[in-house]
Amino acid sequence: MNSYPNIAQKVKGNENQGNNTSSGDDEKEKPSFSNLIFWALGLARPYRKSVIIILIAMLVETAMSIATPWPLKIIIDNVVGNHKLPEWLRWIDSVFSNENKIAITALVALGYIAIATIGSLAGYLDNYYNENVAQNVANDIRNRMYHHLQRLSLAYYDSHQTGKLLSTITADVNTIQDFSSATLLSILVDALTIIGMLCIMFYLHVGFTLIALAVSPFLLLFVARFKKAVKKATREVRKDQSNMFIVLQQGLESIRSVNAFGRQDFEEDRLKKASRETVDAALKARRVKSALSPIVTIVVSVCIALVLWRGAGLILSREMTVGDLTVFIWYMNKFFSPVQDLAKMTNTVAQASVALERIQSILDTDTIIPQKPNAINPGRLKGDIIFDRVSFAYNPESPVLHDINISIKKGQRIGVCGPTGSGKTTIISLIARFYDPVIGTVLIDGTDIKDYNLDDLRRQIGFVLQDTALFYGSIRDNIAYGRPEATEQEIIQAAKLANADEFISNMPHGYDTLVGERGVTLSGGQKQRLGIARAVVRNSPILILDEPTASLDTESEKTVMEALENLMAGRTVITIAHRLSTIRDADKIIVLNHGFLAEEGTHEELMDGGGIYVDLYNAQTWADHSIGKKIE
């Protein structure tokens, strides 16, 4: 008991060194809009050639956009009216007489078509290449996240729901993709457009331009403040959407249990509640978002009305032409368009910011099992295993193992038993480095397993678990899952050793038969034998059996046990057992109780000792005897 404070202190110390396991719903270190921009641009760096094409196309598109109203000005002032052409268009007079207005009109019309055509082609190029970059960026993010998730310790998954992770790696990545392909492009185009338009607006009328510039900072400040409320509302929507995703995932994954217990109505009610919360949050967010655009539109309208009123006076006093006012109003609308677009894009930007928060919360998590830079390849291990004063806790308040000292020699068969929650599964998790001890050391062949390359270490360990995980695919692929390079002959030989070849051969497509999701098309005994065949193919010197026959009937257990005997030959075997009969012949039995090593020895030695093992054995014998009587 004295080790409790030390374990708690050590676990907390490890957490303080940087283990960030944020779920993404907390409020700290939220990325700003500028972070979002720089993050997106950083991800696009590998596609810089496409980005350069996008930028060139955007510049052309912007130039054509700025040139769009000038044909209208020429028609109004120089064709319908009698004003002279602007100086930079006087070259038209050298081609056509100023009196030949039909020819000028035709030229202006052709110019308008040329402007629209060039702008459209540039728009096509930037949209095409931008979508190309966005798709690749989203693909990179997904792969990066999945790579990171694959390398996190199991401690991360102990405290994070799979549904939320799936929601982030799909919905949130898609949000970033949409932002990169549409919103980010619009922001950049607007930024370039506003610079060009300001220059021309100052050329047309300085006073009117200053009106637009005077209003802009207040609009931008208003939008920035409003954006915080929108982002908060959007975060609540994404949180509720994730919760709904979790309910859907759990319900569909457990559909057989749901049907078996007649809980369809209960699951439907859970979804209705989660879905309603999502709808309510979305409607609340929409109320906030909907208020912004009308306010901006009204302010812009007031500015334009002021220009119209003052401009009409200038036209009457011949200080401004109708064409000049028309073009200026067009530019003024375009000038405020970025602000209006920002108002409309606030929702998208807020969604992208929240998506970035959730993605970063995963990528910033550092609960990765550490590997030394000079980690060594263990080669073919012998299988000597030592636990040297090992203590472990999943959290500081609940220590699981206390000062465990175990010595296992190569080729030995070790049984591990004890009451529920005594730490049996934790023992095997430490051997494979799914977790690291809080205190103490685990050694294999005399070397601290932390000195080994992690992947190479795990290749030396084979597993047969209580519920063999099978994947959708052929039986051949499932057997070779632990060693994909296995030959056809090795796969068939492994199946024979696992007593699986016969039932596989009787299937319609033999080894090419597809296995249903999670192996639901196979019986429990068949799944276990495929799991054993998978371990045979892996050919690891250390074998861990986690109650491999616990859920099998007597006939299936007998077949599986025969296969296990074939598998265990010449290997160091550690078997976790509730059925003590499966470890009676073990070279040594380790008995755990409340995280302490209570006893160890052979079955006979432990029975003579009169300790916990005897109580467990007698209780199980009595239970088996009672069940047998009831069956009779």
Side-chain angles (χ1 to χ4, degrees), residues 153-154 369-372 375-393 400-418 422-466 482 532 535-536 538-548 564-565 567-577 582-583 585-593 595-603 605-606 613:
S153 78
L154 295 186
I369 295 294
Q371 182 167 276
K372 296 180 179 179
I376 60 176
N377 185 334
R380 178 75 179 182
L381 291 172
K382 297 177 182 177
D384 290 324
I385 302 173
I386 294 175
F387 278 68
D388 183 17
R389 301 183 64 83
V390 169
S391 297
F392 179 79
V400 177
L401 296 177
H402 309 272
D403 199 27
I404 300 295
N405 291 283
I406 300 173
S407 178
I408 302 171
K409 296 181 180 179
K410 67 174 183 177
Q412 277 192 323
R413 297 186 181 185
I414 304 298
V416 181
C417 64
S422 58
K424 302 184 294 296
T425 301
T426 304
I427 288 285
I428 62 173
S429 296
L430 294 177
I431 294 173
R433 279 202 81 193
F434 295 144
Y435 305 91
D436 278 334
V438 175
I439 299 173
T441 308
V442 178
L443 301 98
I444 298 181
D445 290 355
T447 301
D448 187 341
I449 60 174
K450 294 179 182 178
D451 294 335
Y452 289 135
N453 178 281
L454 188 58
D455 291 337
D456 292 329
L457 169 66
R458 289 178 179 170
R459 288 192 191 98
Q460 301 297 307
I461 303 172
F463 287 87
V464 180
L465 306 178
Q466 180 176 347
I532 294 169
V536 172
R538 196 169 176 85
N539 192 27
S540 304
I542 300 172
L543 178 63
I544 292 175
L545 309 176
D546 188 357
E547 305 183 51
L564 286 172
E565 284 297 325
L567 176 60
M568 290 189 289
R571 292 178 169 83
T572 301
V573 181
I574 302 167
T575 304
I576 293 179
T582 61
I583 58 173
D585 297 329
D587 297 314
K588 181 163 61 176
I589 298 173
I590 294 168
V591 184
L592 298 174
N593 189 33
F596 291 93
L597 178 58
E599 301 170 335
E600 62 178 318
T602 64
H603 171 75
E605 290 170 347
L606 293 174
Y613 182 81

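Here the structure is a predicted model, which is why all the values come from computation and not from measurement. Each residue takes its place number in the sequence, starting with 1.
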Could you check R459 against N539 for side chain to side chain donor-acceptor pair (under 3.5 Å), going step by step and ending with a plain yes or no?
CA-CA 9 Å; R459 288 192 191 98; N539 192 27; over 6 Å; no
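- Among residues two or more places apart in sequence or in another chain, the salt bridge (Lys or Arg N to Asp or Glu O under 4.0 Å) test is passed with R413 by E565.
- Atom CD1 of I428 is separated from atom CD1 of I544 by 5.5 Å, given to the nearest 0.5 angstrom.
- In this structure, T572 contributes its side chain and G411 its backbone to a donor-acceptor pair below 3.5 Å.
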Step by step, work out the side chain to side chain contact (heavy atoms under 4.5 Å, CB included) result for M568 and L545.
CA-CA 10 Å; M568 290 189 289; L545 309 176; 3.8 Å; yes
Task: Derivation and outcome, side chain to side chain contact (heavy atoms under 4.5 Å, CB included), residues I386 and T441 - done: CA-CA 8 Å; I386 294 175; T441 308; over 6 Å; no
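- Note: L543 CG to I414 CD1 = 12.5 Å, rounded to the nearest 0.5 Å.
- Closest non-hydrogen pair, A375 versus Q371, comes out as CB-CG, 3.8 Å.
- K382 NZ: 12 or fewer foreign heavy atoms inside a 6.0 Å radius.
- With sequence neighbours excluded, no residue forms a ring pair (Phe, Tyr, Trp, His ring centres under 6.0 Å) with Y452.
- P378 and L381 get closest at one heavy-atom pair: CB-CD2, 3.5 Å.
- Exactly one residue among I532, V573, T575 makes a side chain to side chain contact (heavy atoms under 4.5 Å, CB included) with V464. That residue is I532.
- Other residues, nucleotides and ligands place more than 12 heavy atoms under 6.0 Å from the CZ atom of R380.
- Electrostatic pairing of D384 and K409 does not count as a salt bridge here, judged by no charged N lying under 4.0 Å from a carboxylate O.
- The distance from atom CD1 of I576 to atom OG of S422, rounded to the nearest 0.5 Å, is 9.0 Å.
- Side-chain contact check for K372 versus D451: some heavy-atom pair is nearer than 4.5 Å.
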**Q.** Worked check of side chain to side chain contact (heavy atoms under 4.5 Å, CB included) between L401 and L430
**A.** CA-CA 11 Å; L401 296 177; L430 294 177; 3.7 Å; yes
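- The distance from atom CZ of F387 to atom CD1 of I404, rounded to the nearest 0.5 Å, is 8.5 Å.
- The aromatic rings of F596 and H402 lie parallel to each other, with less than 30° between the two planes, well short of the 60° mark.
- The two residues S391 and D403 come nearest to each other via the heavy atoms OG-N, 2.9 Å.
- The 12-atom threshold is exceeded at CG of N377, counting heavy atoms of other residues, nucleotides or ligands nearer than 6.0 Å.
- Contact record, T602 with D587: CG2-O, 3.5 Å, taken as the closest heavy-atom pair.
- With sequence neighbours left out, the side chain to side chain donor-acceptor pair (under 3.5 Å) criterion links R458 to no other residue.
- Residues C417 and E599 are not in side-chain contact: their nearest non-hydrogen atoms beyond the backbone lie 4.5 Å or more apart.
- Atoms CD1 and CD1, from I385 and I461 in turn, are 7.0 Å apart once rounded to the nearest 0.5 Å.
- Judged by distance alone, the side chain of K588 and the main-chain N or O of S407 form a donor-acceptor pair under 3.5 Å.
- Atoms OG1 and CZ, on T425 and F434 in that order, are 11.0 Å from each other to the nearest 0.5 Å.
- In plain terms, the two heavy atoms of N453 and D456 that are nearest each other are OD1-N, 3.1 Å.
- Taking all atoms of both residues into account, the shortest heavy-atom contact from L457 to I444 is CD1-CD1, 3.9 Å.
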### Query
Does the side chain to side chain contact (heavy atoms under 4.5 Å, CB included) test come out yes or no for I427 and I406, once each step is laid out?
CA-CA 10 Å; I427 288 285; I406 300 173; 4.2 Å; yes
